[in-house]
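Notes follow the structure.
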Amino acid sequence: MRPDQPKYKTSDEVDFVIVGSGAAGGILAKELSTNGFRVVVLEQGPYLTEADFTHNEVKVLGEDLLTNHPKLQPNTFRKTPDEKAKPQRALVYGRLVGGTSVHFTANFWRFHEIDFVERSKIGPIAGTNFADWPITYADLEPYYTKVEWEIGVSGLAGASPFDPPRSKPYPMPPLPVKSSGVIFERAARQLGWHPFPAPMAILSQPRPGRSACVNCGFCLAFGCEVGAKSSSLVAAIRVAEKTGRCEIRPNSYVHRIELDAKGRATGAVYFDENRNVHLQKAKTVIVSANGAETPRLLLLSANKQFPNGLANSSGLVGKNLMFNSSGISLGVFEHPLNDYKGFAVSRILHDFYELDPQKVGFYGGGGLDARFDATPIGFAMGSLPPGTPLWGKGFKDTLAHNFTRTMEVFSHATSLPLETNSFSLDPDLKDAWGLPALRLTYKDHPDDLKVARWLNDRGLELLDAAGAQKKWSFPIEEQQFGVHLLGTCRMGNDPKTSVINRDHCTHDVKNLFLCDGSSLVTSGRGQPTMTIEALAFRAADRITEAAKRGDLA
Amino acid sequence: MTNDLSRRNFLLQGCTSISAIWVSTHWPALLSAAKHARESSQSAAAKLEFFTPEQAVEIDAITSRIIPTDETPGAHEAGVVYFIDRALITFAVDDQKTYREGLPELQSRTREIFPAVEKFSAATSEQQDEILHSFDEDQPPSRRPYRPRAAAKTFFETLRMHTIIAFLLDPDSGGDPKGLGWKVIGREREHMFQPPFGYYDKDYPGWQPPSGQADKTKS
């Protein structure tokens, strides 16, 4: 199934070494190798394929088959910088070839025009680093289209009156509607809102080597066994491999970027699976290790010239972390929805994407989606209404009745960038390789909690209008744990207030590029992967041009 | 003790207390999710590897109160005790101590509450429930976020989680090969479905733009 790859020697100075093979790294590998460059991708996780994926919840959720393992890579957490951080799992990300795109929900909303210029529109917000992006929606639009067509996104153009302009329709129709989607659509219209078919990075029609979705029901948190989920693994890495110029090197844990005396990056230092250390030489280094591991790698690469971390003259590496705020409301209906069949989401709405702070009293906005994403064990452990007995006949009866009759309204919302919210190196805790562990410092801005609660109330309102027999919500509390890892090496024009420029080059090292969730300036409304991938396509164009001009030599 | 609002934490953090080495039958290579082969290895499950036969009778009795048998099958029919027995020498090896210490404690609690009853399995169903309630009242209050931690889990909490896992793990990837748990909750055993999926989408007429909203999809 895997085409032959080149095997580059570590001493062979390739054109690009890319750290990470996820949403951004996979696309950069595809684009740069297609453009004729010699590329090595260093991925800390294993190379798993469809044959390795399973519906075993113990393996996938309990043992982190696809994700970072808390025993090998422990974390610490604290709310504010004056506290001592305590060991606590702080994040989950995909740790395998394809990264988090292997197990994500695949909600693929574009950011709207407002997301890039919101600071100019509503003004500063005290105590935050709220800022405009150095690029606009128009700069990114062609690349959103590229994601939809090249990676594979199903959806219906023009179905939402709030959609930003687009140059092309979707390449394939939306996925079939689920019962949760029909309930959501009818109730939302009754309330005067504008539901529409969810754009999803899941195939509704087959593509070469990939099946259309078979609605197996093990989607969020699981790897797709038929290649229908448009992960970097199936949609980008395999294209890169076919060029014959790209080597994917799994089980390669990069922990240092080397610089020469002139301050240029010379390559990436990594542990192989036997914990032997190598330096892969490269003309240019691109880090796409995610919004936690990218800043960690820069901090681990501190040297004489950059005592506070590589490319960290701004002091902002690891800071301005945004998780997106969210809320979940659940409803139980009279008849079976059987929403366990299929992917998670079939209908969404964007009526509340941009709330007026003057009217609601806080900054923010977001979207709602109709979903069911629980697999049987997870459902039994955590999706029954409050007050249900934990065991015995009452437990069994409620479980048996509710499993087929439950749906969720998930609200996704903004997070404000705060300098104190960050990933940094823990001074004490080490990972299994002896490297400093990630320390999370996080406390939601009050507006993040307000917008999440406001949107969640709309979710409850919708479930009421839909005639749910029972409805309830998970409490919305300050987050201590993240899966959207955004903003930690933000882009900007001013080297004092950003880490990378508009073309993803670090302000401090001219042949070092960063591209992943860390690049984002604002959080969007809760669905970052589409934008991360559009940024990666755009970065690949900009990097290719720079390389051809000789700027990277 | 009632359900807490925990599912997001469960999904996001994973059920970390059941981590360790899982050595189930190797999963066959798949071309399609529709071809999930039935795992047959569990027909040999009647052999105990961790519990003594006497302990297994007690575990079976406890798990049968957690998911009781009524008009539909419960933990007993699903062979939960055999799954847990195998779990304790595979993925749940870290929980052996919890069982070794927890079961005798439960038996002394049984005799404490009902001096005439020699062991849990000899108690009536009502007595058994009363004994188990005496454990779940020790647990922290409900509505706390669910944060599974191996070390902090009580015997009863561990056993409850293992019972649910045994009852509901995909029957074709290591769960009860009879698939009784999935039958009880109404989860069809297939891994490939076609719409309509449920009651509310079966008569859906197809996407229609709302009245008053211009149809921009043609542009």
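Naming convention: chains lettered A, B, ... in sequence-line order (proteins, then strands); numbering from 1 in each chain.
Proximity to chain A (any heavy atom under 4.5 Å) is restricted, for B:T69, to the backbone atoms N, CA, C and O. For B:E71, the part lying under 4.5 angstrom from a heavy atom of chain A is the side chain only. With a threshold of 4.5 angstrom between heavy atoms, A:R347 approaches chain B through side-chain atoms but not through N, CA, C or O. Heavy-atom distances place the side chain of A:D397, and not its backbone, under 4.5 Å from chain B. When heavy atoms are compared at a cutoff of 4.5 Å, A:E185 approaches chain B solely by way of its side chain, counted from C-beta outward. Contacts between B:T72 and chain A at a heavy-atom distance below 4.5 Å involve backbone atoms as well as side-chain atoms.
A:R186 forms no cation-pi arrangement with B:W207, by the criterion of a distance under 6.0 Å to the ring centre and an angle within 45° of the ring axis. A cation-pi geometry, defined here as NZ or CZ lying under 6.0 Å from the six-membered ring centre and within 45° of its normal, holds between B:K202 and B:Y199. A:R371 forms a cation-pi arrangement with A:F410, by the criterion of a distance under 6.0 Å to the ring centre and an angle within 45° of the ring axis.
Taking B:Q194, B:R187, B:R65 one by one and counting their heavy-atom pairs under 4.5 Å with chain A, the maximum is reached by B:R187. Contact count against chain B (heavy-atom pairs under 4.5 Å) is highest for A:P197 among A:P176, A:G217, A:P197. Of the listed residues A:V182, A:T404, A:T67, the one with more heavy-atom pairs under 4.5 angstrom with chain B than any other is A:V182.
Salt-bridge formation is detected for the pair A:R89/A:D64: a Lys NZ or Arg NE/NH1/NH2 atom is positioned less than 4.0 Å from an Asp or Glu carboxylate oxygen. A salt bridge is defined here as a Lys NZ or Arg NE, NH1 or NH2 lying under 4.0 Å from an Asp or Glu carboxylate O, and B:E188 with A:K341 meets this definition. Using a 4.0 Å cut-off between charged nitrogen and carboxylate oxygen, A:K393 and B:D70 count as a salt-bridge pair.
Defined by atom type and a distance below 3.5 Å, a donor-acceptor pair is missing between the side-chain atoms of A:Y93 and A:H103.
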